[in-house]
2 protein chains.
Amino acid sequence: MSGLAKLSGVDISTVSRALNDSPLVNGKTKDHILKLAHETGYAINARARNLRKQSSQTLGIVIPVYPGSQQNLSDPFFLEMIAAVSQAAAKFDYDLIINLPNSPSEIAERRLLLSGKADGLIVIGQAGRIERLRSLGDAADRVVVWGGMIEAADYTLVGSDNFEGGRLVGEHLKNIGRHRVVFLGDIDLPEVELRYNGLMSVWKGDGADASVMHVRSSFDGHEAYRQMLALCEGAESFDAVFAASDVLAIAAIHALQSKGLRVPEDVAVVGYDNIGQAAMISPGLTTIDQNIKLGGEILVNTLVDKIAGNPVRATLTPTKLVIRGSTVGG
Amino acid sequence: MSGLAKLSGVDISTVSRALNDSPLVNGKTKDHILKLAHETGYAINARARNLRKQSSQTLGIVIPVYPGSQQNLSDPFFLEMIAAVSQAAAKFDYDLIINLPNSPSEIAERRLLLSGKADGLIVIGQAGRIERLRSLGDAADRVVVWGGMIEAADYTLVGSDNFEGGRLVGEHLKNIGRHRVVFLGDIDLPEVELRYNGLMSVWKGDGADASVMHVRSSFDGHEAYRQMLALCEGAESFDAVFAASDVLAIAAIHALQSKGLRVPEDVAVVGYDNIGQAAMISPGLTTIDQNIKLGGEILVNTLVDKIAGNPVRATLTPTKLVIRGSTVGG
DNA sequence: TAGCAAAATACAACCGATTGCAAAAATCAC
DNA sequence: GTGATTTTTGCAATCGGTTGTATTTTGCTA
C-alpha cells in the first residue's frame, strides 16, 4: 500500500480510502489508484486489516468426530453441511475455517474465538460439547449450534424439526400398514431422541397394536450393520426399520438383504438426511430431507446477527418426507 | 497482553517471551505469568501475531465445484480429503480455510494467498484451474495441487497413481474373464484419462479379443445414471463397467438393476475411491483405494515444505484394489 | 477578487503482538 | 569487594493497514 502511495503520489490514507471505495476521495484519484492497484496486482494485507479492524472476516465450523461424539466423519451429511455453510458465509464475504477435533480435549472453540482467528463459530451437534460451550464466557455470544431443540440449551440453537421428521416417518409407516418398527440409532443424542419421540407420537393412544423397538447404534455404518445382523438372528420380528441417518439405513438394507430379507416387501426401511446416495441405491431410500442448504444459510445468518450484537432466537428448519422404493416399491 | 504485564509487573515484551516459552525469561517469572494467563483465560491475539510474524498459520483448501469443473460436491471423496488434510494440518498447528468456489470466475486462490489469509494453498483437481494457477506469480510457490500426473504441469502435483489404478482394474477384469468393458467417466480430465489408459494397457498387443467402450459422464451420479440407462437401451453389449468414481459406480449399478441386469452375474462393476458407502451397498463395490488419508498427509507435508522454501518434487501415493461382491460375488 | 463552504488530502495515532538491542540485575572469579 | 560475565528485563521499532482530525485545495457567491 505504501508502494501504491508512492506510485500515485498521494498519502497511504488516501490509497486506503480509495481501495475501500470511500466517498471521501475524488473520483479521478480513485480511478487512478484502482488502476495502479490492478496493474501491480496489489492485494490488501488481510493480516494488517484484521488487526486494525478487530475482525477477521472468518467464521469457524467445528465438527466433533472423536469416538465419544457419536458422530461419524465419513457421513456425507457433513459434507453437505459444510458446503451449505461455506456458500452462505461467502455471501457475507466471510471465509470459513474448518475444525475437526478428534479428541474431546481439543479446545478448538476457545482457541479460534478468543484468539480472534474466527469472528464466530458454528458447532455441529451438541453431544459432549455443552459444558465446553458454557466455558466460553462472553465469547459464547458468537456461537451457534446445529442440533435438536432441547430445553436445557442456553446457547443459540438452529436445527431441523426432528420431532416432526420422526412423526412424518411414523405416519408413513402407519399408512403402508407397518406396525412392528425397529428404531435404529442412539436415543441418548438429543436429535435422535426427538426423532424417536416423533415416531412414537403417531401411535400414542392408538389401540396399541404397534410396537417400536429401539436398537442402539452410533452413526457408524459398520456398527449399525452388525446390530442389524444380530437382530435378524434373534427372535424378534419386525416389518420396518427407521434409521437415524441414511448411512445407517443403507447399512441396514445391506444387512437385511444379506440375511435374505427383501426390502421393502419383508421390511420397509426409512433413513434420515436424504444424502446424494439415497436416490442412487437399489431400492431407492425413503428418507427425511432436512433441507441442509437452508439450514446452513440460517446458521450463518443467525451467527452474523449475533456477531453484530443483535438478539436472536432458536430456529427450526422445515422437514420433508421423500418417498422412494425402500418403503413402497417392490 | 498489556493486562498481563500490569498484573505481573513486568514489561509486555517479557510477557510475550514467557507465553512463547522463550529461554530468555527467568523460570519463576515465566511460571508466574503463565499462571496469571491461565487464571484470566488469556489467549494471544492471533491477528496481531499474524501481522507481526508475517504468517497466519492457516492453509487453504480450494475445491472447485462449479459445473464446468466436472467435480461434484456431494461426492464423499471430498469429505474424506478435507478430513485428511485438516488432520494433517493440525499436526503443524495450521488451521484450514475451506473454499468452494461455485463459479470459475471466483479467484479464491489469489485472494487467499496474496492477502495473506492463508500461508499456502491446496487445490483439489486441476481441471480449468491451470491458467489460474499460472497467474499467481510468486505466490504459486505456496500451492500444491491434487491431481493426476501430467507432463504439462509446472506446479507441484500430488496424487495417487491413476494409471496403476486403472491397470489393476483391467487386470482384475481380465482375470475374471470380462472382455467387453464400459469405461464410465470423462477422459478429458487428466486423472480420468490416466485411469482409462491404465485399463487399456492390460490388453495392449493381446490378441485384441477385448473391447473398451468410453461412455462419457461427469462426476455427477444422476448423469451417469442416465447415460447407463441409455446404454442399456442401445445395441451394445458389455459384461463389465469401470466407473471413474464410486458415486458413478453406484449410479451405474442402480441403472443396471433397474434394467433387470444382475450385478455381478451379467455385468461386473468396479468403482474408484473406496468411499464409506462402497462396502455398504449390495452387492459390495469392488473399487480402487487411493489412500486418501495418506494423500492428505503428503499434500500438507509437501505444502509446508514449499512454504519453508524447500524444493519439492511431485509425489505419487500408492493405490490398491479392493475386491467385493460387485465383481466376484453372486 | 475576497470570503466562505465544501471537497479532497495529509498527518498521526492506533490495533496487539514480536524482537533486536540496550540496560539492569544477578552470578561468578579472584 | 571489585570487575567481568551471564541472566534477565525493559525500551522502542516494526508489521501494514484504518480512521479521527487537521489542513489544504477547490468551487462558489457576491
Report yes if at least one side-chain N or O of [X] is closer than 4.0 Å to OP1 or OP2 of [N]; otherwise report no.
X	N	result
A/T14	C/dT9	no
A/N50	C/dC15	no
A/S13	C/dA12	no
B/Q54	D/dT14	no
B/S2	C/dG16	no
B/Y42	C/dG16	no
A/N26	C/dT9	no

Reported OG1-to-CH2 distance for the pair A/T302 and A/W146, which is rounded to 0.5 angstrom: 10.5 Å

Rounded distance (nearest 0.5 Å) linking atom CG of B/N20 with atom CD1 of B/I44: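 Rounded to the nearest 0.5 Å, the CG-CD1 separation comes out at 5.0 Å.
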
Counting only distance, no hydrogens or angles, is the base of [N] paired donor-acceptor with the side chain of [X] under 3.5 Å?
X	N	result
B/R47	D/dG16	no
B/R52	C/dG20	no
B/R17	D/dG10	yes

Test item: A/L19 and A/M1 side chains (from C-beta on) under 4.5 Å apart, heavy atoms: yes

Answer yes if the side chains of A/D11 and A/S13 hold a donor-acceptor pair under 3.5 Å, and no otherwise. yes

When you compare the side chains of A/Q57 and A/D95, does any donor N or O come within less than 3.5 Å of an acceptor on the partner?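 No, because no side-chain N or O of A/Q57 sits under 3.5 Å from a partner of the opposite role on A/D95.
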
Separation of [X] atom [atom1] from [N] atom [atom2], in whole Å?
X	N	atom1	atom2	value
B/D11	C/dA25	CG	C1'	16 Å
B/I44	C/dC15	CD1	P	18 Å
B/R49	C/dT19	CZ	C1'	13 Å
A/K30	C/dA7	NZ	P	14 Å
B/M1	D/dC11	CE	P	16 Å
A/K6	C/dA10	NZ	P	14 Å
A/I12	D/dC15	CD1	C1'	12 Å
A/L4	D/dT18	CG	P	12 Å

Output the single nucleotide from C/dT9, D/dG17, D/dT19 whose closest atom is nearest the side chain of A/V25. C/dT9

Would you classify A/G9 as touching base, sugar-phosphate or nothing, given that sugar-phosphate means primed atoms plus P, OP1 and OP2, and contacts are heavy atoms under 4.0 Å? sugar-phosphate

In this structure, are over 12 heavy atoms from other groups packed under 6.0 Å from A/D138 atom CG?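 Not more than 12 within 6.0 Å, no.
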
Using the closest heavy atom to pick a nucleotide of DNA chain C for each, name whichever of B/A46 or A/G27 lands nearer the 5' end. A/G27

On DNA chain D, more 5' by nearest nucleotide between B/V10 and B/A48 is B/V10

